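One structure is given below, encoded as structure tokens.
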Amino acid sequence: MRPLLREHPVVALIAILLTGLMIWGFWPKPILVDVVPARYAPLIITIEEEGRTRVIDRYVIAAPVNGVTCRQQLKVGDSVTQGQVLLGITPLASEVLDPRSRAQAEARLASAESALHAAQEQARASAATAQLAILERNRLQPLADKGLISREIIDKANTAVETTSAAKRSADFRVEVAKYDREAARTMLQYSASGQDESLNTAENTNEERVLVRSPINGKILKIARQCEGPVVTGEPLLEIGDPTALEIEVDVLSADAVRIAPGMEVIFDRWGGEQPLTGVVRNIEPIGATKISALGVEEQRVLIISDFTSPKALWQRLGDGYRVEASFIIWQQQEVLQIPSSSLFRYHNGWAAFVVEEGYARRREIIIGQRNGLMAQVLKGIEAGEKVINHPSDEVDDGKRVTPR
């Protein structure tokens, strides 16, 4: 070798260099991987669906008598006050003079009186329930401030206050609507009675009298069914009135998800147009499902979930009826949860496993996971906090392979 180095030093150096390059080229290289440390952090499990707002209490103004309605001067969005005249209807003489119509009007008035009494009793019961919820919340609040009871108990008490307050508001609304129905029935009876007593009046004189249709509540015009002047029949919808400052949210969810949602559950509303998410609480789960066709043409059973806002009204007062929101129902949440990315998990021996980086080598770990959302998974056993797991492991990664973080 030494004579070769003396006689042909350049050739010898080239041979040594080529040998070194071949050894370096065929030497196993570490696999580049992305690593993420296992850490404690809050974890929230949610069901996310698209929903929309709707006015809690709306009333459909219907024609109390057969006749001819005047041209509508109101527009959608106009504010109205309780008792305000919305429009007038010129009744038809042939209808109001009919004895059978008068008898029907008497029965309708009696039914309206009974409905009003029932609504008033329900309003009193709702007021008592709301007052009891407030007293219970006030009794528990000092205990919660001292840490003697869990936060969950006081949260349930606050939810009960919100729910009973909404029920009381709806009950009061139904009382006002029942009063309006009674007045409409009384108006029908008055015209029927006057037609019976003044049967000699001509049709022209009768038609000059107008039935004034008034607003039963304070609110805004939500919908106008008839804009122009024309004939109407008893019970035909004319207007819809509601209070847009009292909103609820309806969310259409799969029936399999609906069974996991319970009244009082917290909801987060995002992507509604504001700078920060809004909070709410589930008030009611409708017991009837409906079959709908998805965008992919698949039949699905959907259930409506009704929720109320718990955020201050000043944050969502610009929302109106039928506005789109994205609702996230919080199924499970915990503040300190050991978790790793769901993308680092893979199936192994009918369970779950992940690769952990130990001294430059990938080590397979069989682990037990708990709750999962779309991004993170709770680790119950198999990995300790601070250990680095390989995220998105490729097919090249295996137990005992050399790896290096990117």
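Because the structure is predicted, anything quoted here is derived from the model rather than measured. In what follows, every heavy atom counts, from backbone to side chain, and hydrogens, waters and symmetry copies are set aside.
- Every salt bridge (Lys or Arg N to Asp or Glu O under 4.0 Å) that R58 has, sequence neighbours left out, goes to E240, D321.
- S215 contributes no side-chain N or O that, together with a main-chain N or O of Q82, makes up a donor-acceptor pair within less than 3.5 Å.
- Proximity of a side-chain donor or acceptor of S328 to a complementary backbone N or O of E48 within less than 3.5 Å is not detected.
- In this structure, Y361 places its OH atom where only 12 or fewer heavy-atom neighbours from other residues, nucleotides or ligands lie under 6.0 Å away.
- Relative orientation of the F309 and W316 rings is parallel, given thresholds of 30° and 60° on the angle between their planes.
- Minimum interatomic distance between I390 and P393 (heavy atoms only, all atoms of both residues): O-CD, 3.8 Å.
- Here OG1 of T53 is found 12.0 Å from CZ of R324. Values are rounded to the nearest 0.5 Å.
- You'll find the side chain of L87 reaches within 4.5 Å of the side chain of L239, heavy atoms only.
- For Y348, the ring pair (Phe, Tyr, Trp, His ring centres under 6.0 Å) test picks out no residue, with sequence neighbours left out.
- Atom CD1 in I241 sits 11.5 Å away from atom CG in D243 (nearest 0.5 Å).
- Taking CD1 of I44 as the reference point, atom CD of Q371 lies at 12.5 Å (rounded to 0.5 Å).
- Between T245 and Q317, the closest side-chain pair of non-hydrogen atoms is not below 4.5 Å.
- Considering only heavy atoms from C-beta on, I89 comes within 4.5 Å of L238 through its side chain.
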Criterion salt bridge (charged side-chain N to carboxylate O under 4.0 Å, His left out) on R365 and E358, from CA distance to verdict: CA-CA 11 Å; R365 291 275 189 88; E358 293 182 352; 2.6 Å; yes
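- The closest side-chain heavy-atom distance from S307 to R283 is not below 4.5 Å.
- A distance of 10.5 Å separates CG of L43 from CG of L338, quoted to the nearest 0.5 Å.
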I331/M265 under side chain to side chain contact (heavy atoms under 4.5 Å, CB included): CA gap, chis, key distance, verdict: CA-CA 8 Å; I331 304 299; M265 183 176 291; 3.7 Å; yes
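- Within the structure, the ring-ring contact (aromatic ring centres under 6.0 Å, His included) test picks out the following pairs touching residues 36-66 (sequence neighbours left out): Y59-Y180.
- The shortest side-chain heavy-atom distance between D34 and H392 does not fall under the 4.5 Å cut-off.
- Of the possible donor and acceptor atoms, one in the side chain of R302 sits under 3.5 Å from a partner among the backbone N and O of D252.
- Nearest approach of V325 to R52, heavy atoms of both residues: CG2-N, 4.2 Å.
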